[in-house]
There are 2 protein chains.
Amino acid sequence: MMDRKSLSNIDYSLYLVTDSGMTGRDRLVETVLHAADGGVTVVQYREKSVSTAQMIREAAEIRNLLHARGIPLIINDRVDVALAVGADGVHVGRNDMDPVTARKLMGPDAIIGYSVETMEEAQNAETLDIDYFGVSPIFTTPTKTDTGRPWGLDGLQNLRSHTGKPLVAIGGLNIHTIPDTLRAGADGVAVVSAICASGQPRESARALMDLIQTSIPNK
Amino acid sequence: MMDRKSLSNIDYSLYLVTDSGMTGRDRLVETVLHAADGGVTVVQYREKSVSTAQMIREAAEIRNLLHARGIPLIINDRVDVALAVGADGVHVGRNDMDPVTARKLMGPDAIIGYSVETMEEAQNAETLDIDYFGVSPIFTTPTKTDTGRPWGLDGLQNLRSHTGKPLVAIGGLNIHTIPDTLRAGADGVAVVSAICASGQPRESARALMDLIQTSIPNK
């Protein structure tokens, strides 16, 4: 884990969520490597379908390459994997460990991200020791099918006016939708297919980062 | 977690491994409750197919009913779930977190069980801080299909003569095979279908326990 000082100003602007179904199992680590070289600022390792041993092997490889570049690694759902590999944090949602227990197990220095699908969830979580909200989904998306009604840009803007947490928008984000999403108040955008399914993760990450830097207000 | 003193002489003799596919999801906790009343001495919660949130809810319910009866709860594979619910230990195998990392995360007082499928695996693990070996499988079994060649009674007897660890035999154990398995040197027998699929978990556990008490040498 990197120290808290380096995490106190986490740059959420381009947040990659991995999907081995898109990259192919054998190219997952390589895809993250290229995406890191292309400029992603945070990586979330999300994996549901392989053994714990394999998750730990992959996440440890990814941790090494990210930490060599000063990029934080967040693990989706699995606090055991995060602790085993010394990841920088976990991202949890309503079907995962609750964020209070996750904080307790991960310690005060970890990044704890929490998916909010409704304004009510966000309000209930506002006073918890959570570092950022994953705002999910912004638009409809084929990547995740178990999500609720999309927030839309209006919903995101409304949430922005009600919370002090950093907001990472996810769901249907690509070069066409990112500028408006940032203008609506997102601190960063999470992408899956825009990098994992592009076949050119370095070039895709670089293009997205260029777009983000010209779209973030006051940046 | 119960304190180490109460765990220092764990009675592995009748070790229930849960299978919600056999009990039905809605009757899992109830099955464990009845099995506990029938005399099981350890319970391993093994679940692969539900969300982390649901695992934690179920395991916490099971922890409560077991701890009220002084029976330890071990979680299969998932150190995160074990830590979240304050289980007494974890059971890991070759596809899970390695037992050294599991010990580090669970702490010195936890029970760490490790599945050994070959004599070589057992020899490599002999000096590790592992509390017992799961000897898997003793016989062929329909419950787990990802296991190696069965140990058989000869293999178990051979392992018994080479290790000082408590041995919990698993795979194909029922009223017909338990007596010989205990005579071959097992400290306990793990059952899945003999309790989870019996429809009468309390009566099944009681009958198995009676059989075990008359079969264990010097008991």
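Nearest heavy-atom pair, A:Ala84 versus B:Met97, reported as atom, atom and distance to 0.1 Å: CB-CE, 3.9 Å. When all heavy atoms of A:Asp80 and B:Leu105 are compared, the pair lying nearest together is O-CD1, 4.1 Å.
Among B:Val92, B:Thr101, B:Leu83, the residue making the largest number of heavy-atom pairs under 4.5 Å with chain A is B:Leu83. Note on B:Val79, B:Asp96, B:Val81: by heavy-atom pairs under 4.5 Å with chain A, the leading option is B:Asp96.
Every residue two or more places apart in sequence or in another chain that forms a side chain to side chain contact (heavy atoms under 4.5 Å, CB included) with A:Ala122 is listed here: A:Val116, A:Phe133, A:Leu159.
In this structure, the portion of B:Ile56 lying under 4.5 Å from any heavy atom of chain A is its side chain and not its backbone. Proximity to chain B (any heavy atom under 4.5 Å) is shown, for A:Arg78, by both the backbone and the side chain.
The structure places CG of A:Asn95 at 11.5 Å from CE of B:Met55, a figure rounded to the nearest 0.5 Å.
Around atom CZ of A:Arg160, more than 12 heavy atoms belonging to other residues, nucleotides or ligands sit under 6.0 Å away.
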